[in-house]
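I have placed the structure first, in the form of structure tokens, so that the comments after it can refer back to it.
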Amino acid sequence: QVQLVESGGGSVQAGGSLTLSCAVAGYMFTDRCVAWFRQAPGKEREGVGTIDSDGRTIVTDFVKGRFNMSQDNSKDVIYLQMNYLKPDDTGMYYCAAGVKKGLVCWTWTSDYTTWGQGTQVTVSS
């Protein structure tokens, strides 16, 4: 059974940077998608970006140019590098994994069967 553990969250001022890590423990599907989601208080969970087994990434428009995803396959860790952070980026960040079903990994929550516990990111103005 695969488990995901996020780390790297914290408090930062606007304009700062953080790198979140998602460590994979256990067997991971060969052809898989990993996504980062976030949820602010009182708001719905929203997708931030995805990365597939081959390292192809997609990030959503509201973080494009500021956030990047990468992975270290030898360590089974997926990263979310966040730059130029804004107060609107505040929230609980989750990584999630699922079997890749098509050509592209999307941020539909229903595509992801394994979720981490989340790590808090707080951006102050």
(request) Check whether any side-chain heavy atom of Gln120 lies under 4.5 Å from a side-chain heavy atom of Tyr93, and answer yes or no. (result) no
(message) By the definition side chain to side chain contact (heavy atoms under 4.5 Å, CB included), identify the one residue from Val63, Val59, Ile78 that meets it with Trp36.
(response) Ile78
(message) Are the side chains of Tyr112 and Thr50 in contact, using a 4.5 Å heavy-atom criterion?
(response) yes
Would you be so kind as to tabulate the donor-acceptor pairs closer than 3.5 Å made by side chains of residues 96-111, with sequence neighbours excluded?
residue: Lys100; atom: NZ; partner: Asp52; partner atom: OD2; Å: 2.9
residue: Lys100; atom: NZ; partner: Leu103; partner atom: O; Å: 3.3

List, one per line, each side-chain donor-acceptor pair under 3.5 Å for residues 7-24, sequence neighbours excluded.
residue: Ser17; atom: OG; partner: Asn83; partner atom: OD1; Å: 3.0
residue: Thr19; atom: OG1; partner: Gln81; partner atom: OE1; Å: 2.3

(message) Please give me the minimum heavy-atom distance between Met69 and Val34, naming the atom from each residue.
(response) CE-O, 3.9 Å
(message) Could you see if Phe37 belongs to whatever hydrophobic cluster contains Met92? Use Ile, Leu, Val, Met, Phe, Trp, Tyr and a side-chain cutoff under 4.5 Å.
(response) yes
(message) Tell me whether Gln71 contacts the main-chain N or O of Val77 through its side chain, where contact means a donor paired with an acceptor under 3.5 Å.
(response) no
(message) I need the Leu85 CG to Ser124 OG distance, nearest 0.5 Å.
(response) 10.5 Å
(message) If you count every heavy atom of other residues, nucleotides or ligands that lies below 6.0 Å from Gln39 atom CD, does the total exceed 12?
(response) yes
(request) Taking ring pair (Phe, Tyr, Trp, His ring centres under 6.0 Å) as the test, write out the residues that go with Tyr94, two or more places apart. (result) none
(message) Please find the pair of heavy atoms, one from Asp89 and one from Val123, that lie closest to each other, and give the distance.
(response) CB-CG2, 4.3 Å
(message) For the CG atom of Asp54 and the CG atom of Asp31, what is their distance to the nearest 0.5 Å?
(response) 7.0 Å
(message) Going by salt bridge (Lys or Arg N to Asp or Glu O under 4.0 Å), name the residues that satisfy it together with Lys86, two or more places apart in sequence or in a different chain.
(response) none
(message) Does any part of the side chain of Arg66, heavy atoms only, come nearer than 4.5 Å to the side chain of Met82, both counted from C-beta?
(response) no
(message) Minimum heavy-atom separation for Gln117 and Leu4, please, with both atom names.
(response) OE1-O, 3.7 Å
(message) Restricting to side chain to side chain contact (heavy atoms under 4.5 Å, CB included), what partner residues turn up for Phe62, sequence neighbours left out?
(response) Arg38, Glu46, Thr60
(message) Show me the pairs that pass ring pair (Phe, Tyr, Trp, His ring centres under 6.0 Å) and involve residues 65-85, at least two apart or across chains.
(response) none
(message) If you define the side chain from C-beta out and look only at heavy atoms, does anything of Thr114 sit under 4.5 Å from Gln3?
(response) no
